Amino acid sequence: MTPDDAAKLLASCAAFDNRQPSQIAMRAWATSLKDIPLDQDCFDAVARFYGTPPKEAGQRLWIQPHDVRSWRDIIRKERLENFVYEGDPDETPKQYLANYRRQMDAVASGRVAGPTNAPALEGGPHPQVLRELEGIGRTVPAADEAVDEVKRSGPLGIECPVPACRAPIGRPCKSALRSRASKVIHPARRRAAKGEPIITESPEEIAQRRQAALAKLERIIEHQEAAREEASGE
């Protein structure tokens with residue numbers, strides 16, 4: 001940027017802030033912006049600066065050379081948001097750098113319109129990635145299928161086949177004499193878990209076993225009462 005270019009830019013600034021450009025200001029601005037040409041982006045940067053509200057209400061806006069540089073970079077980067085390089089696969093690294101910079105400058109300056117939408121990724125994964133992914137993971141079954149596949153080892157992995165019990169999977173068998181800490185498992189359930197023939201008790205056998213259990217319970221109670229009486233007698 002030359003002093004004459006800086007004078008034109010300062011005139012654009014004066015339209016917003018009523019400054020009085022001087023020869024010293026022209027030379028100072030030209031020196032600060034010597035690597036930037038006077039183009040439409042510079043004038044747009046001034047307009048963008050004064051079109052943006054100040055951080056504090058009532059604050060006076062006064063543009064400086066670094067503000068022009070910053071806003072000009074923002075305007076040019078906005079045009080490069082969806083930039084896609086169009087090159088030759090056979091070009092050399094030197095040719096690539098030259099062509100890449102030329103295309104970027106053309107889009108950033110506005111001479112060439114850039115894509116309005118972000119480019120979509122095309123093609124599948126790299127063959128090496130596919131090879132690495134083989135055998136990883138498993139198919140997740142549906143909810144009803146997952147329930148069917150849940151299994152436990154041993155007798156608790158099946159429902160008790162005894163008609164009077166029918167304890168569900170994972171639960172111990174029902175027994176009138178079992179305590180909370182015990183885990184009763186019917187013999188028929190153990191045989192069924194091993195794949196052996198299921199032999200369930202007849203109603204007569206169940207009644208006999210129940211009577212035997214009650215008799216045993218009575219003997220236990222009598223023994224406990226006798227022990228308490230003996231202890232109280234002492």
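Here, residue 1 is the first one in the sequence, and each next residue gets the next number. Keep in mind the model is a prediction, meaning the values are calculated, not measured. FYI, side chains are in, hydrogens and waters are out, and symmetry mates aren't considered; it's all heavy atoms of this structure.
Neither side chain, Q95 nor N99, offers a donor N or O lying under 3.5 Å from an acceptor on the other. Residues T2 and D5 have side chains that bring a donor and an acceptor to within less than 3.5 angstrom of each other.
Atom CD of Q64 sits in a crowded spot, with more than 12 heavy atoms from other residues, nucleotides or ligands closer than 6.0 Å. Enclosure of atom CZ in R210 is not indicated, since only 12 or fewer non-hydrogen atoms of other residues, nucleotides or ligands lie within 6.0 angstrom. Counted within 6.0 Å of NE2 on H66, heavy atoms from surrounding residues, nucleotides or ligands total more than 12; the atom is thus considered enclosed. No more than 12 heavy-atom neighbours from other residues, nucleotides or ligands sit within 6.0 angstrom of CD on Q20.
Grouping the Ile, Leu, Val, Met, Phe, Trp and Tyr side chains by contacts below 4.5 angstrom, directly or via other members, places I75 apart from V112.
Between W62 and R19, some side-chain heavy-atom pair lies under the 4.5 Å cut-off. The shortest distance between side-chain heavy atoms of H186 and C160 falls below 4.5 Å. Residues K174 and V184 form no side-chain contact, since every pair of their non-hydrogen atoms from C-beta on lies 4.5 Å or further apart.
For Q103 against V84, the heavy-atom pair with the smallest separation is OE1-O, 4.3 Å. Counting all heavy atoms, side chain and backbone alike, K55 lies closest to Q59 at N-OE1, 3.7 Å. Across every non-hydrogen atom of A188 and V162, the tightest pair is CB-CG2, 4.0 Å. Counting all heavy atoms, side chain and backbone alike, R189 lies closest to P155 at NE-O, 3.1 Å. Minimum interatomic distance between A167 and C173 (heavy atoms only, all atoms of both residues): CB-CA, 3.9 Å. Of all heavy-atom pairs spanning P3 and A30, the tightest one is N-CB, 3.6 Å.
Listed by first then second residue, pairs satisfying salt bridge (charged side-chain N to carboxylate O under 4.0 Å, His left out) with a partner in residues 87-104 number zero, not counting sequence neighbours.
Ion pair D44/R72 not flagged as a salt bridge, since none of the NZ, NE, NH1 or NH2 atoms sits closer than 4.0 Å to an Asp/Glu carboxylate oxygen. One finds a salt bridge joining R69 and D35 here, because a Lys/Arg side-chain nitrogen approaches an Asp/Glu carboxylate oxygen to under 4.0 Å. Using a 4.0 Å cut-off between a side-chain N of Lys or Arg and a carboxylate O of Asp or Glu, R48 and E78 qualify as a salt bridge. We find that R60 and D17 are not joined by a salt bridge, their nearest charged nitrogen and carboxylate oxygen being 4.0 Å or further apart. Salt bridge D41/R79: present, at least one basic N to carboxylate O contact under 4.0 Å.
Residue F16 is found in a hydrophobic cluster whose other members, listed by chain and number, are M1, L9, L10, M26, W29, L33, I36, L38, F43, V46, F49, Y50, L61, I63, V68, W71, I74; membership requires side-chain heavy atoms under 4.5 Å apart, directly or through intermediates.
In this structure, I158 CD1 and R190 CZ are separated by 11.0 Å, a value rounded to the nearest 0.5 Å. Atoms CD1 and CD, from I221 and Q224 in turn, are 7.0 Å apart once rounded to the nearest 0.5 Å.
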